[in-house]
Amino acid sequence: MNALLYLSTVLIWGTTWLAIAFQVGDVMVEVSAFYRFALAALIQISVMIILGRLKWVPFSQQKWFALQGLLLFCINFLFFYNSAIYISSGLIAVVFSLATVFNMANNYIFSRVKPSPRSLFGATLGVSGVCALFWTDLISGDWTGSNITGLLLAIGGTYSFSLGNMVSQHQQKQGRDVLTANSYALVYGSVTLGAWSLFHGYAFELELTTKYLGSLLYLAVPGTIIGFAMYLKLIGRVGAEKAAYSTVLFPIVALSLSTIFEGYIWTPLSLVGVGLALAGNVVIFTKKKPRPIKQNATT
């Protein structure tokens with residue numbers, strides 16, 4: 001079950017980077033993000049009500065849903081959508097892979113859980129692999145002005161995502177249902193995005209093209225409703241630290257799509273990067289076998 005959740009998360013979220021790139025255009029990115037999460041909230045809550053799965057949660061617990069919504073369905077995507085204006089989606093994916101590191105740090109800060117040397121080594125391999133995949137971008141980029149702005153926005157989005165992981169982990173430890181929590185959180189996140197857009201006077205336009213509308217629907221349903229449900233369920237089963245390692249593999253999926261649709265050319269360095277990322281995956285998820293206890297010989 002864990003493997004299925006992990007693989008599905010990687011495949012779904014690995015493809016959303018291309019869809020997010022399709023959203024950057026005539027419509028303000030904040031408005032596009034609002035459309036995405038408002039549509040996701042409407043669909044998910046409607047389905048939950050029809051199936052009788054939506055549970056009423058006391059007002060005293062709503063603060064946790066609001067916080068989860070702000071961190072996972074609002075603030076982080078304000079950062080990411082705006083970051084896409086300044087730097088390439090590939091570089092954003094590299095920065096997003098730092099979620100593994102941030103989750104390890106936040107687990108220690110909030111729960112005093114020390115990452116194992118094995119997890120640290122695996123995460124290092126994975127992040128190193130992603131950096132190798134985009135090494136040319138990293139060393140040839142203009143690290144002044146707009147690129148620095150884009151980098152800082154991507155880091156801010158990744159850290160907000162990590163904090164949202166901590167909130168979801170806490171919610172599940174309290175016995176709260178993932179789908180119910182996501183339903184409430186989507187409402188809080190989308191309402192905040194809508195209020196943000198209204199406050200700044202953004203026009204609620206809609207780009208009537210197949211590319212824009214298709215990517216919007218994909219981001220709302222598989223990218224948000226299904227993807228977040230699987231990822232947050234994975235957090236509840238294996239912990240935020242291991243679940244976040246899936247973010248290290250997202251750029252590999254993005255590169256595969258780029259090979260098909262954009263003519264990406266693989267190099268020896270990019271192959272090394274894929275190998276390192278997969279090796280890190282094996283290190284983190286392969287449990288070390290305990291050594292058999294030797295019994296003393298009896299006389």
**Q** Kindly assign one of parallel, tilted or perpendicular to the pair Tyr35 and Phe204, based on the angle between their ring planes and the thresholds 30° and 60°.
**A**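 Aromatic pair Tyr35/Phe204 classed perpendicular.
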**Q** Just wondering, more than 12 heavy atoms not from Arg237 lying within 6.0 Å of its CZ?
**A**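 It does: Arg237 CZ has more than 12 such atoms within range.
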**Q** Restricting to pairs with a member in residues 38-51, which pass side chain to side chain donor-acceptor pair (under 3.5 Å), not counting sequence neighbours?
**A**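 Those involving residues 38-51 are Gln44-Ser183.
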**Q** Hey, does the side chain of Thr124 reach the backbone of Leu120 with a donor-acceptor pair shorter than 3.5 angstrom?
**A**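 Side chain of Thr124 to backbone of Leu120: a pair is present.
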**Q** I need the full list of side chain to side chain donor-acceptor pair (under 3.5 Å) pairs touching residues 191-208, with sequence neighbours left out, sorted by first then second residue.
**A**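 Those involving residues 191-208 are Glu207-Thr209.
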**Q** Going by atom types alone, do Tyr159 and Asn106 pair a side-chain donor with an acceptor below 3.5 Å?
**A**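 A pair is found: one side chain offers a donor N or O, the other an acceptor, under 3.5 Å apart.
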**Q** When you measure from the side chain of Arg176 to the backbone N and O of Gln172, does any donor-acceptor pair fall under 3.5 Å?
**A**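 No, the answer is negative, given that no donor and acceptor are paired below the 3.5 Å cut-off.
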**Q** Any luck finding a side-chain donor-acceptor pair between Asp177 and Gln171 under 3.5 Å?
**A**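 Looking only at side-chain atoms, Gln171 and Asp177 do not form any donor-acceptor pair under 3.5 Å.
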**Q** Would the distance check show the side chain of Ser8 and the main-chain N or O of Leu5 forming a donor-acceptor pair, the cut-off being under 3.5 Å?
**A**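 It does not hold such a pair.
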**Q** Any cation-pi pair here, Arg36 with Phe34, using under 6.0 Å and within 45°?
**A**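 No - Arg36 does not lie over the ring of Phe34 by the 6.0 Å and 45° rule.
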**Q** Examine distances only and state if a side-chain atom of Ser160 and a backbone atom of Leu71 form a donor-acceptor pair shorter than 3.5 Å.
**A**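 Yes, the answer is positive, given that a donor and an acceptor are paired below the 3.5 Å cut-off.
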**Q** Contact between Thr180 and Arg53 at the side-chain level, heavy atoms closer than 4.5 Å - yes or no?
**A**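 They are not in contact (no side-chain heavy atoms under 4.5 Å apart), so the answer is no.
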**Q** List the atom pairs, donor and acceptor, that lie under 3.5 Å between side-chain atoms in residues 18-30 and the rest of the protein, sequence neighbours left out.
**A**
from, atom 1, to, atom 2, distance (Å)
Gln23, NE2, Tyr212, O, 3.0
Gln23, NE2, Ser215, OG, 2.7
Glu30, OE2, Asn82, ND2, 3.3

**Q** Among Phe73, Tyr184, Trp56, which residue meets the ring-ring contact (aromatic ring centres under 6.0 Å, His included) test with Phe65?
**A**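 That would be Tyr184; it is the only one of Phe73, Tyr184, Trp56 passing the ring-ring contact (aromatic ring centres under 6.0 Å, His included) with Phe65.
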**Q** Heavy-atom distance under 4.5 Å between the side chains of Leu70 and Tyr188, does that happen here?
**A**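 Side chain of Leu70 against side chain of Tyr188, heavy atoms only: no contact under 4.5 Å found.
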**Q** Taking the side chain as C-beta and beyond, is there a heavy-atom pair between Ile92 and Thr158 under 4.5 Å?
**A**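 SC-SC contact between Ile92 and Thr158 ruled out.
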